[in-house]
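Encoded as structure tokens, the structure appears first; notes follow it.
No experiment lies behind these values; they were computed from the predicted model shown.
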Amino acid sequence: MSLAGRALGFSPAVVSKRIKRLEDRLGTRLLQRTTRQISLTEAGQGFYDRVLGILAGLEEAEFYISGRSAQMHGTLKISAPTSFGRMHIAPHLKDFMEAHPELAINLVLTDEFSDIVGGGFDLAIRIAELTDSSLVARRLAPVRRLLCASPDYLAAHGEPKHIDELKHHRCLPAHNNDTWRLKGPDGALSLRPEGLLITNSSEVIREAVIAGLGIALRSTWDIGEELKSGRLVQVLPAYESSHNVALSAVYPSRQFLPAKVRLFIDYLAELYGPIPYWER
């Protein structure tokens, strides 16, 4: 109540009174109040979601009339994977924010799948096979994951010529229980790599494979520059991960997409493209 009051220029008492008046008019309780917290009731959540859709529709209507030259206002809250956000979103925010100087960006980097609606996110960038039908997804770019190692490691331990030879090499799984799901000449296969390095950090694995500690399965967006420079080379090129995984922008299902969300998704789609810059 206090935060809402400060945002609106009202006292908490005025905010509380207006919510009570709205509940009386609707004939239902919108908020569940306890001594510790305030939460939305089921009716309140449904009302909130529908009001958001109405506001998004108004914004979309104004955007349609005024065109893309109109200034965007407010805050765009985005969730993105940690490494990808640092490498391929953060460096490109300057151009987007300079084109829309009145629009604030709240970029939250996390390797967990955020609750988009519950967390108040306008959109999330995800690298996955998407199956949640309650959300709308727009594919931004393909994702390729391939086996790679440093030239120093291969010089010291030899280069595997067959997939079965991986069990004789030092592998670098991103997590202790990581399973590598690959597609090769004989179709799909899964293998559980074993290695001496155990970590919950994908970025540590990235640095380890570059340093020559073993063979890893990495995305080209993560190691594109190292492949181009020769610091890493592809191993067993006939095997890559499933092509069903993609880079996507995910947002709540609404009839009208808010203009600020549409603009940012269009910006990323044009930036990455069907052949993203990290593979050119």
Side-chain angles (χ1 to χ4, degrees), residues 1 3-4 6-8 30-32 37-63 68 71-97 99-141 143 202-203 219 221 245-272:
M1 293 293 184
L3 289 172
R6 284 198 293 270
L8 296 170
L30 300 175
L31 298 175
Q32 189 66 46
Q37 65 178 6
I38 297 175
S39 59
L40 286 168
T41 64
E42 183 178 354
Q45 184 66 57
F47 186 73
Y48 172 75
D49 291 340
R50 285 159 177 78
V51 168
L52 277 187
I54 293 169
L55 293 175
L58 289 172
E59 186 180 51
E60 174 68 16
E62 291 182 357
F63 180 68
R68 291 179 179 266
Q71 290 293 339
M72 292 293 104
H73 298 270
T75 299
L76 181 63
K77 189 175 182 182
I78 307 161
S79 171
T82 303
S83 296
F84 186 87
R86 176 178 59 80
M87 296 174 68
H88 299 292
I89 295 179
H92 306 293
L93 287 178
K94 180 175 180 289
D95 289 343
F96 182 81
M97 296 182 74
H100 308 284
E102 300 299 320
L103 181 63
I105 300 291
N106 182 357
L107 178 61
V108 178
L109 299 183
T110 175
D111 291 325
E112 302 296 328
F113 271 16
S114 301
D115 180 351
I116 297 178
V117 175
F121 291 97
D122 293 295
L123 76 151
I125 305 301
R126 290 186 176 169
I127 303 171
E129 292 186 52
L130 300 177
T131 58
D132 189 344
S133 60
S134 67
L135 300 173
V136 179
R138 177 175 170 186
R139 184 183 174 101
L140 298 176
V143 171
S202 180
E203 293 196 342
S219 299
W221 61 258
V245 176
L247 175 70
S248 302
V250 180
Y251 50 92
S253 178
R254 296 176 187 162
Q255 184 176 3
F256 296 106
L257 185 63
K260 60 185 178 182
V261 178
R262 184 193 300 276
L263 281 173
F264 192 72
I265 292 176
D266 287 348
Y267 175 71
L268 293 183
E270 184 176 354
L271 177 66
Y272 303 145

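Heavy-atom minimum distance, Gln45 versus Leu40: OE1-CD1, 3.3 Å. What you find for Lys77 and Gly119 is that their closest heavy atoms are NZ-O, 2.7 Å. The shortest heavy-atom contact between Leu107 and Ala80 is CD1-CB, 4.2 Å. Pairing each heavy atom of Leu109 with each of Pro81, the nearest pair is CD2-O, 3.9 Å.
Every side-chain contact (heavy atoms from CB on, under 4.5 Å) that Ile38 has, sequence neighbours left out, goes to Met1, Leu31, Arg33. Residues passing the side chain to side chain donor-acceptor pair (under 3.5 Å) test with Asp115: none are found, sequence neighbours excluded. For Glu203, the side chain to side chain donor-acceptor pair (under 3.5 Å) partners two or more places apart in sequence, or in a different chain, are Ser83, Arg86. Contacts of Phe47 classified as ring pair (Phe, Tyr, Trp, His ring centres under 6.0 Å), with partners at least two apart in sequence or in another chain: none. Residues that satisfy the side-chain contact (heavy atoms from CB on, under 4.5 Å) test with Ser114, not counting sequence neighbours, are Ser79, Thr110, Phe121. By the side-chain contact (heavy atoms from CB on, under 4.5 Å) test, Ala104 is found to be paired with Thr75, residues two or more places apart in sequence or in another chain being considered. For Arg138, the side chain to side chain donor-acceptor pair (under 3.5 Å) criterion is met by Asp266, not counting sequence neighbours. Taking Ala128 as the reference, Phe113, Leu130 meet the side-chain contact (heavy atoms from CB on, under 4.5 Å) condition, with sequence neighbours excluded. For Tyr48, there are no ring pair (Phe, Tyr, Trp, His ring centres under 6.0 Å) partners two or more places apart in sequence or in a different chain. Shown here are the side chain to side chain donor-acceptor pair (under 3.5 Å) partners of Thr41, two or more places apart in sequence or in another chain: there are none.
You'll find the side chain of Asn106 stays beyond 4.5 Å of the side chain of Leu76, heavy atoms only. A heavy-atom distance below 4.5 Å is found between the side chains of Ile265 and Leu140. Counting heavy atoms from C-beta on, the side chains of Tyr272 and His88 come closer than 4.5 Å.
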Dump the intermediate steps for side chain to side chain contact (heavy atoms under 4.5 Å, CB included) on Met97 and Ile105, then the final yes or no.
CA-CA 8 Å; Met97 296 182 74; Ile105 300 291; 3.8 Å; yes
Ile78 vs Asp122, test: side chain to side chain contact (heavy atoms under 4.5 Å, CB included). Steps then yes/no.
CA-CA 6 Å; Ile78 307 161; Asp122 293 295; 5.9 Å; no
Could you walk me through whether Glu129 and Val143 pass the side chain to side chain contact (heavy atoms under 4.5 Å, CB included) test, one step at a time?
CA-CA 10 Å; Glu129 292 186 52; Val143 171; over 6 Å; no
Go through the steps to decide whether Val250 and Ile116 satisfy the test side chain to side chain contact (heavy atoms under 4.5 Å, CB included), and finish with yes or no.
CA-CA 9 Å; Val250 180; Ile116 297 178; 3.7 Å; yes
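Separating the CZ atom in Phe264 from the CG atom in Leu271 is a distance of 9.0 Å, to the nearest 0.5 Å. If you take CG on Leu103 and CG on Leu263, they are separated by 8.5 Å, rounding to the nearest 0.5 Å. One distance of note links CD of Glu42 with CG of Leu30; it measures 12.5 Å at 0.5 Å rounding. Expressed to the nearest 0.5 Å, how far OG of Ser248 lies from CZ of Arg126 amounts to 10.0 Å.
The environment of Arg50 atom CZ is sparse: at most 12 non-hydrogen atoms of other residues, nucleotides or ligands sit within 6.0 angstrom.
Using the six-membered ring where Trp is involved, Phe96 and Tyr267 have ring planes that are tilted, between 30° and 60° apart.
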